[in-house]
Amino acid sequence: MVVKSTLTRTLARGVRSSRLLPTKGCRVFSQTPRTGTDGVFRELTAQRTQIPWIEALRKQQEGTQDATASTSQPATPQDRDLSPKRMKDSHHAVLLPLGQDPWLLDTYANATGQLRLGTLLMDLDALAGVIAYKHTGEDVTTVTASFDRIVIQHPLTEICDLELSGMVTYATGRSSMEISLQVAKAPKEGEQAKPEDIMITCQCTMVSLDPATKKPANINPVRTDTEEEKRLFQQGEKNSKHRKELSQRSLLKQTPDDEESDLIHAIWQRQLQYHDPNDPLRKPDNVHYMDATKLQTAQIMMPQYRNRHNFQVFGGFLLKQTFELAFCCAASFAHSRPTFVSLDPSTFQNPVPVGSVLYLTATVVYTDPPVVRGSSDAQSTEEAQQTRVQIRVDSKVRNVEHGETKPTGQFNYTFVVDKQMKVMPRSYTEYVMYVDARRRARSVLESLRHGEADADRYGRWGNPAIFSKARKLTDDDKGDGDMMAPPRKRTKLHHSATQVAAEPPKSRLMGLPAELRNEIYRYALVRKNKYHIKHGKRQPKEPGLLLANKQIREEAASIYYQENTFYFVVVDNNARPYLEWTRASELHHGSNYLVHIRPSTNYNNLIDWTRRFHYNMTDGKVPGPFPDSRSGVIQREAFVVAKELKRLGLSWCHIKSQLERIQRMLVVLDGGYM
């Protein structure tokens, strides 16, 4: 047993005994671990794992305390030197010799011979950990908190060596720091990477914790000595404020805004149309419900994925696993090879212990063009041939011994597919995920409109409504292709001029205050008498003021339709004209209208009317008042019977058979009911 333990430690340190030396020209398994046991480049692995797993496990078993548990006594020295440090002191660069080592290239190439981006993301996280410890020292535990948006700036066109580099660019002395990372073609010795050779630039946030209490621990602030360092620090400060603002606006803390609530309602109405047997609109084949797009995995965490503190899995492994699952989810959704566009801002929440079970769930949460457009979505006159697909991967971990389940992070990826695909939420949880993804997509557009993002960094955007070309030579990539703009904007009803976004005044009317414009609209559009809608017409001719221009219509339409009263006459029990008018446009929703029902013996039309009432097609309004006559009593009682039978849970087929039985009795009394 002693000999076996000694041999295990020897192999763990990478020391081969003379008996294990390979013969010439042969590659043996014992060489593989030192080349890259877990897909991370060996230089980064060597700095991440300090001792073999067997030794770390033995030390834990010899101790009296769980290495992953927290205590009340801090382990960070009280006399730590927290004086400011220079940015360049934390700079670290690693050469990835893909052009020199074909066996190493195997780890970074996918099935199509292109760069495996998931493995590169894992290396970036490992590099961020090395840089963080160069800045903080070994007295604290540093973990990954989040990654900002990552895109491919300049795709590789040839196999070459890569240089991974970075440094701490923002730290104020609190527990968090921002690290700027870069992937570029390896420059010649003594030279800097050219702008066109830079493949990726991104920022990640690391947080330092006390090793014992697991609480945030202060670190050294960074010192800015040059103008470039000051610019980087200011950008980091701006990024930090932006992340805090996003956290405050999170849907976990605030409800959806008015536009988002209207969008949720519009999607719900579209679903009703898809299921309405009397509505010709049916769900297209390219529209998929969100719950049908899920893809899940479960995996036990092995020691080779641990961080330098030995008992937690390092964040880069999660990035790699979630990226590859997101790619598979996009492919299964579209039945087409997706092209990577970006890693959107993603967060790490709780650590993943070695030996626990990691559950990953990937879901298609948003597509652009969307299934239903919001009021402020961009317009497009072209038919979209591609779809931008957002995949959200939620990760949670379960402790096998105790059965505890904790969320560990949320990762957001965007792909483009060469198909017209749409996703539709159904539950409220899915609606919230949909709105959250829509916010991320719109934030990129807004940053580009206001010049806050580099067009070369996020792609070539000719129009803010046109998405960038998908970059080539990324993980499981397909090729370049312009992403299409969101579809044509849908007509939307605003409640008054005060809710329409302010624009530069184009006329004297538009230059007036919104409250005064509303009074002008009321004076011109609101009648004291009712608007009489004649039988057989879907809607009356609209006032010319509503046709003047788009902004006036958006401001005045709600006043016209909601502050007037519309009058209908139902002849021969034919309620279809006024029902179609109330359903013709969302402009009519919330309108005030009166219905005058004339006596009639047309029982077939009456049955059709009760059918619409049964399927909630009457805008929620119960018909009436009915005329005070024998036929009026029959009309009213038909609805009473239909309502009571529906309350008892009967289907429309049973209700219709009962109404037809009543009809046969009425025919005996009056042949007009045939």
Side-chain ion pair, [X] and [Y], N-O less than 4.0 Å:
| X | Y | result |
| --- | --- | --- |
| E55 | R58 | no |
| D394 | K396 | no |
| R223 | D89 | no |
| K88 | E229 | no |

Of all heavy-atom pairs between [X] and [Y], which one has the smallest distance, and what is that distance?
| X | Y | result |
| --- | --- | --- |
| L232 | M167 | CD1-CE, 3.8 Å |
| P97 | L104 | CD-CD2, 3.6 Å |
| H135 | P221 | CE1-O, 4.0 Å |
| N412 | P345 | ND2-O, 2.9 Å |
| N218 | G173 | CB-O, 3.3 Å |
| R243 | S146 | CD-OG, 4.2 Å |

[X] side, atom [atom1]; [Y] side, atom [atom2] - distance, nearest 0.5 Å:
| X | Y | atom1 | atom2 | value |
| --- | --- | --- | --- | --- |
| Q235 | S240 | CD | OG | 11.5 Å |
| N239 | E178 | CG | CD | 4.5 Å |
| M290 | T367 | CE | OG1 | 8.5 Å |
| Y434 | E260 | OH | CD | 11.0 Å |
| L181 | L164 | CG | CG | 8.5 Å |
| T293 | E430 | OG1 | CD | 8.0 Å |

Is there side-chain contact between [X] and [Y], with heavy atoms separated by less than 4.5 Å?
| X | Y | value |
| --- | --- | --- |
| V432 | V435 | no |
| T136 | N220 | no |
| D123 | Y108 | yes |
| R149 | D344 | yes |
| I391 | V364 | yes |
| Y413 | T322 | yes |
| V143 | Q312 | no |
| L162 | L98 | yes |

So the salt bridge (Lys or Arg N to Asp or Glu O under 4.0 Å) pairs with at least one residue in residues 162-174 (sequence neighbours excluded) are none
Could you tell me how the ring of F340 sits relative to the ring of F323: parallel (under 30°), tilted (30 to 60°) or perpendicular (over 60°)? perpendicular
Pairwise side-chain hydrogen bond (donor to acceptor under 3.5 Å, both in side chains) hits with a residue in residues 185-200, at least two apart: none
Mind running side-chain contact (heavy atoms from CB on, under 4.5 Å) on D161 and L95 for me, showing each step along the way? CA-CA 7 Å; D161 296 345; L95 181 66; 4.0 Å; yes
Can you list everything that forms a side chain to side chain donor-acceptor pair (under 3.5 Å) with [X]? Sequence neighbours excluded, please.
| X | answer |
| --- | --- |
| N350 | none |
| T361 | Q296 |
| S90 | none |

Trace of the side-chain contact (heavy atoms from CB on, under 4.5 Å) decision for L120 with R116: CA-CA 7 Å; L120 194 60; R116 190 176 179 185; over 6 Å; no
Would you check, one step at a time, whether the test side-chain contact (heavy atoms from CB on, under 4.5 Å) holds for V183 with I150? CA-CA 11 Å; V183 179; I150 299 178; over 6 Å; no
Look at the side chain of Y359 and the backbone N and O of R398, then say whether any donor-acceptor pair between them is shorter than 3.5 Å. no
If you apply the rule side-chain contact (heavy atoms from CB on, under 4.5 Å), what do you find for H242 with K238, and how did you get there? CA-CA 6 Å; H242 180 64; K238 184 178 179 180; 5.7 Å; no
Partners meeting salt bridge (charged side-chain N to carboxylate O under 4.0 Å, His left out) with R80 (sequence neighbours left out): none
Show the numbers, then the answer: is there a side chain to side chain donor-acceptor pair (under 3.5 Å) between S395 and T408? CA-CA 5 Å; S395 64; T408 58; 2.5 Å; yes
Is the number of heavy atoms from other residues, nucleotides or ligands within 6.0 Å of CD1 (I159) greater than 12? no
